[in-house]
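Step one of this worksheet: look at the structure below.
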Amino acid sequence: MTGSGIAGQGPRLTRRGAATRRRIIEAAAELMYVKGVSATTLDEVRAASGTSKSQLYTHFADKEQLVRAVVQLRAEEIMEREHAALQRLRSFNGLVRWRDAIVQRNALQKGAYGCVLGSIAGEVSDQDEVARLALAKTFEEWEHLIEAGLRRMQDARTLTSDADPRKLAVGLMAALQGGYLLAQTAHDVTPMEIALDMALDHVRMYLSP
């Protein structure tokens with residue numbers, strides 16, 4: 001499993017059962033992204049997923065289990081997308097393209113809802129240690145993808161030897177997540193653009209002449 005580090009779903013499900021479980025998780029993920037975790041009720045999830053109470057509780061004993069499943073789903077989605085975007089990163093122009101894609105995606109909603117993982121982290125990290133650890137692992141994997149790209153740039157001598165890919169990756173991730181939060185508050189992606197551009201300007205300082 002990629003991303004979350006949360007344990008699997010338990011006994012093997014039938015195809016129909018797996019489809020129902022997936023439908024519940026996807027409905028919950030959308031509701032929690034738009035409304036927030038705390039404001040989303042199980043009754044709303046049932047209505048959005050078209051499932052009965054018995055179906056819901058067959059797969060999830062409580063809301064905490066459902067939230068953990070949402071974290072796992074979102075982690076897998078993001079890591080699949082970011083792996084595709086970053087696995088061949090080896091140039092500064094590639095970093096710029098990565099930045100542009102993220103900003104453009106967030107601009108479709110005017111930045112209104114923030115990062116699908118960051119928004120969950122803000123609500124559950126102090127309440128559910130299992131979910132917190134899963135989120136922390138996913139953010140760490142995300143940073144490592146960026147770091148690996150920066151190391152490839154360094155190996156190609158695009159980035160100078162005195163650059164610290166680990167620190168630069170953490171800085172880019174911090175700018176990204178801070179940008180998500182400010183864009184969400186402002187309903188405007190401009191703060192995200194500025195935060196990422198400043199982080200990229202810092203990386204640019206280490207480009208080989």
Side-chain angles (χ1 to χ4, degrees), residues 1-85 101-142 176-177 179-181 183-189 192:
M1 182 191 64
T2 300
S4 74
I6 294 177
Q9 62 192 37
R12 185 175 180 85
L13 298 173
T14 64
R15 182 178 298 179
R16 187 171 183 177
T20 299
R21 185 178 188 275
R22 177 79 179 194
R23 192 165 72 249
I24 292 169
I25 297 170
E26 289 178 343
E30 287 302 312
L31 286 168
M32 290 175 185
Y33 183 46
V34 174
K35 297 186 63 177
V37 174
S38 299
T40 298
T41 68
L42 293 180
D43 285 340
E44 289 172 329
V45 173
R46 285 196 302 104
S49 61
T51 53
S52 66
K53 183 175 289 188
S54 63
Q55 284 177 309
L56 177 64
Y57 285 104
T58 292
H59 296 286
F60 303 101
D62 52 32
K63 186 176 177 181
E64 184 177 77
Q65 285 191 4
L66 180 56
V67 170
R68 291 175 183 178
V70 168
V71 169
Q72 179 173 327
L73 172 68
R74 291 307 200 189
E76 290 173 349
E77 289 175 343
I78 284 182
M79 292 312 297
E80 181 178 359
R81 183 193 76 203
E82 291 300 292
H83 184 75
I102 286 180
V103 169
Q104 184 59 41
R105 192 179 303 112
N106 204 34
L108 296 175
Q109 301 168 113
K110 296 184 178 179
Y113 304 123
C115 173
V116 294
L117 282 182
S119 59
I120 295 175
E123 290 196 67
V124 308
S125 290
D126 292 335
Q127 302 171 19
D128 185 342
E129 183 67 3
V130 173
R132 185 194 70 77
L133 290 172
L135 288 161
K137 180 179 178 182
T138 303
F139 283 124
E140 184 179 19
E141 289 183 13
W142 197 346
L176 174 60
Q177 292 302 320
Y180 268 125
L181 178 60
Q184 180 180 4
T185 304
H187 283 205
D188 182 355
V189 296
M192 170 185 271

Does the [X] side chain pair with the main chain of [Y], one donor and one acceptor, at a distance under 3.5 Å?
X	Y	answer
E123	V37	yes
Q65	A61	yes
T138	A134	yes

Using a 4.5 Å cut-off on heavy atoms from C-beta on, say whether the side chain of [Y] contacts that of [X].
X	Y	answer
R132	V124	no
L181	Q177	no
K63	V67	yes
S52	R46	no
Y33	I120	no
Y57	L42	yes

Quiz item: Quick one: salt bridge (Lys or Arg N to Asp or Glu O under 4.0 Å) partners of E140, sequence neighbours excluded?
Solution: none

Quiz item: Should we say atom CG of D43 is surrounded by more than 12 heavy atoms from elsewhere, each under 6.0 Å from it?
Solution: yes

Practice problem: Take atom CD of Q104 as the centre, draw a 6.0 Å sphere, and report whether it contains more than 12 heavy atoms from other residues, nucleotides or ligands. | Solution: no

To check you understand the geometry: which heavy-atom pair defines the closest contact between [X] and [Y], and what is its length?
X	Y	answer
A48	L31	CB-CD1, 3.9 Å
V70	I25	CG2-O, 3.9 Å
Y180	G114	CD2-C, 3.6 Å
A121	F139	CB-CE1, 4.4 Å
V189	A183	CA-CB, 4.0 Å

Supply the atom-to-atom distance [X] [atom1] to [Y] [atom2], rounded to the nearest 0.5 angstrom.
X	Y	atom1	atom2	value
I78	L117	CD1	CG	3.5 Å
E64	Q127	CD	CD	9.5 Å
L56	T51	CG	OG1	5.5 Å
R21	S49	CZ	OG	13.0 Å

Quiz item: L176 pairs by side-chain contact (heavy atoms from CB on, under 4.5 Å) with which of I102, V103, N106?
Solution: I102

[X]/[Y] ion pair, N-O < 4.0 Å:
X	Y	answer
R81	E77	no
R23	E26	no
R22	E76	no

Exercise. Please assess E30 against R74 for the test salt bridge (charged side-chain N to carboxylate O under 4.0 Å, His left out), listing each intermediate value before the final yes or no.
Key: CA-CA 10 Å; E30 287 302 312; R74 291 307 200 189; 3.1 Å; yes

